[in-house]
Every structure is written in C-alpha cells, then in structure tokens.
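First comes the structure, then the notes that go with it.
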Amino acid sequence: MAGPVLKVRKVIDALTPKLSAMQAKQMPFAIALSLTRTGQAVRKDLTDELSKAFDRPTRYTLGALAALPATKSKPTATVLIKEDAAKGTAPSKFLAAEVAGGQRKAKRFERALQIKGILPAGWLAVPGRAVSLDSSGNVPGSLYVAVLSDLKAFAETGYLANRVTKAEARASKGARKHKRASRFFVVRPGARGQAGIYRITGAGVEPVFIFVRTVQYGPRYKFFELAERSALRRFPTEFYRAFQQAIVNAR
C-alpha cells in the first residue's frame, strides 16, 4: 500500500495551505476517517477478487484479509493477509504462492506421506479422477484420514496423535466408511504405471491421488496491484465525504 499512501500525502499537502484555520484543524480527523474507510473498501474489493481468482473459495479463504484503521496520530490504514489463525493454516501461508508465485508448499497430508516414505520429496499428491470434491472444490477430510489410516501413516507423523479438531473427528468417522468399502495401495515413481495412490473397489482399481513433481506457478492473485488500483480509485470520494463530515461536526 506504500504507492497509494505516498500519492495521497502529496494531495493533502497541496490542499492544506488553502484551508481556513477551522478547516485545517479538522484535517487530521478527515484524513484518518477517509483512510480507514478506504482501507475497508479496498479489503472488500480484494475479497471480491478472491472469488474470481479461485474456484469456489471456502469461507475461511474469503475471510483471509484484514483492514487496520488509521488514527489521527498514525494516519496509515493497512490492508493485509492475516498471519495467524485460530485453527488450520494461516492465510498468509497458503496464499503466499498465489500472490508471489513460486512452488506450492506440501500440505499436511503430503508431509505425512513424505515422512512415511510414500511420497518423494519434491512431489505433490493431486486428486485423481475417482475423487468427488466437496462444494468448495476440496478433497473431503474423511478421504485423507482413510488413506493415511490404511497406509498406516499416522503414528510417524502425529497427524491426529496430538490434537484432533472437531472436523477431523468427523472425518475419522467418515474414514471408517471409506475403509469398509475399499482399500488403498501405492504405485511409486519409477514403477510401471502412473505414480499415485489407488483404491481397490468391487468394480476394479481407480486413481485417488496422482503423484506429480512440483511446478512453478505464476501469481494468480495480484494482491498489491489490485490494492493500489482500488485505493487510488476509492480515496478521493472517501476523503471528500470525510472532510465534509468533519466540517459539519466541527466544534
């Protein structure tokens, strides 16, 4: 947000000498209020863009942004990707590659497979054609649990050993249904056939996860460019509204 803030400062500095004493006195309030409202508007614009950049983003992903207000003593509003999380992975971690590009980091499921020696380092496990994704386009948690349980990848990883969330507990119940219906086996890279994890069913064998080498991704979510464009578009209107409000309420 440094770009928009710098240009906004120049506009305010050019305007201030033309103000009356009463108007100038209200300027700090107007600046703080307009920057805060601009930050909130930018956050909304960036959140709306998440729905366009990603296929069926979860509610957790749509709540990944925060807007910190400006004050008269600190006239800076900040829009950021949250760096902490009450549960799960912090948004700043799973959105980092989408903003800057680069390699996708291994997910917890993939790290569990790597520790077990099932998935080689530098490889990822992507859903196969036999996987039915949920309404958000994600692999059901019960399938992850069923695969790790069947391949006995729990004990070595602590995947569920130390802390079981409510979601994971529900997934564990679903995993038992998966296990009763099928079993899983691994085809390792270099072996005959497509490397991955397969499920044996009454109808035959079907691919559940396919192993692929990590690839370089370009930025998909242009956070900084979108934020600057939104801030420059939003600020003039918000500043005019805030300044008028400050003058009307002046004491």
May I ask you to list the residues sharing a hydrophobic cluster with Phe29, side-chain cutoff 4.5 Å, ordered by chain and number? Leu33

With respect to Ser230, which candidate in Val79, Thr38, Asp48, Asp45 satisfies the side-chain contact (heavy atoms from CB on, under 4.5 Å) definition? Asp45

For Ala41, side-chain contact (heavy atoms from CB on, under 4.5 Å) partners two or more places apart: Arg234

With distance as the sole test, does Asn249 use its side chain to make a donor-acceptor pair with the main-chain N or O of Gln245 at under 3.5 Å? yes

Distance in Å, Ser34 OG paired with Phe235 CZ, rounded so as to fall on 0.5 Å steps: 4.0 Å

Any chance you could measure Gln26, atom CD, to Gln244, atom CD, to the nearest 0.5 Å? 12.0 Å

Partners of Glu206 by salt bridge (Lys or Arg N to Asp or Glu O under 4.0 Å), sequence neighbours excluded? Arg199

Taking all atoms of both residues into account, what is the closest heavy-atom pair of Pro57 and Leu50, and its distance? CG-O, 3.9 Å

On a heavy-atom basis, which atom in Arg233 and which in Pro236 lie closest, and how many Å separate them? O-CD, 3.7 Å

Please report whether the ring centroid of Phe209 lies less than 6.0 Å from that of Phe109. yes

Would Ile197 and Phe211 count as a side chain to side chain contact (heavy atoms under 4.5 Å, CB included) here? Give the steps. CA-CA 8 Å; Ile197 297 173; Phe211 295 166; 3.7 Å; yes

Main-chain N/O of Gly63 paired to Lys82 side chain as donor or acceptor, under 3.5 Å: yes

What verdict does the side chain to side chain contact (heavy atoms under 4.5 Å, CB included) test give for Val187 and Tyr198, after you've listed the backbone C-alpha separation in whole Å, the side-chain angles of each residue and the deciding distance to 0.1 Å? CA-CA 8 Å; Val187 174; Tyr198 292 79; 3.8 Å; yes

Enter the distance from Leu113:CG to Arg108:CZ here, rounded to the nearest 0.5 Å. 12.5 Å

Measure the spacing between CZ of Phe223 and CD of Glu228 and express it to the nearest 0.5 Å. 12.0 Å

Looking at Ala195, is its backbone amide N or carbonyl O close enough to the side chain of Arg188 to form a donor-acceptor pair, meaning the two atoms are under 3.5 Å apart? no

Partners meeting salt bridge (Lys or Arg N to Asp or Glu O under 4.0 Å) with Arg43 (sequence neighbours left out): none

What pair of heavy atoms forms the shortest contact from Ala242 to Ala30, and how long is it? CB-O, 3.5 Å

Those residues that, when tested against Ser92, pass side-chain contact (heavy atoms from CB on, under 4.5 Å) (two or more places apart): Ile81, Glu83, Ala90

With Thr47 via side-chain hydrogen bond (donor to acceptor under 3.5 Å, both in side chains) - residues at least two apart: none

Any heavy-atom pair between the side chains of Val205 and Phe185 that's under 4.5 Å? yes

Could you work out the complete set of other residues in the hydrophobic cluster of Leu68, with links drawn between I, L, V, M, F, W and Y side chains under 4.5 Å apart? Leu80

Passes side chain to side chain contact (heavy atoms under 4.5 Å, CB included), Gln194 versus Ile210? Steps please. CA-CA 7 Å; Gln194 173 69 59; Ile210 300 301; 3.2 Å; yes

Kindly write out the residues that satisfy ring-ring contact (aromatic ring centres under 6.0 Å, His included) with Tyr240, not counting sequence neighbours, or none if the list is empty. none

Side-chain atoms of residues 117-131: list all donor-acceptor pairs with protein atoms under 3.5 Å, sequence neighbours left out, distances to 0.1 Å.
none

Return the set of residues passing salt bridge (Lys or Arg N to Asp or Glu O under 4.0 Å) with Lys107 (not counting sequence neighbours), or none when no residue passes. none

If you take all heavy atoms of Leu35 and Ala77, which pair is closest and at what distance? O-CB, 3.2 Å

Residues Ile31 and Pro75: closest non-hydrogen pair is CG2-CB, 4.0 Å

Going through the checks in order, is the side chain to side chain contact (heavy atoms under 4.5 Å, CB included) test met by Asn138 and Leu133? CA-CA 5 Å; Asn138 297 319; Leu133 304 179; over 6 Å; no

For Val145, does its backbone N or O pair with a side-chain atom of Ser149 as donor and acceptor, under 3.5 Å? no

With sequence neighbours left out, which residue pairs that include part of residues 240-250 fulfil the salt bridge (Lys or Arg N to Asp or Glu O under 4.0 Å) condition? Glu238-Arg241

Could you check whether any side-chain heavy atom of Leu62 comes within less than 4.5 Å of a side-chain heavy atom of Thr58, counting everything from C-beta outward? no

If the condition is side-chain contact (heavy atoms from CB on, under 4.5 Å), which residues does Glu98 pass it with, not counting sequence neighbours? Phe54, Leu95, Arg220, Tyr221

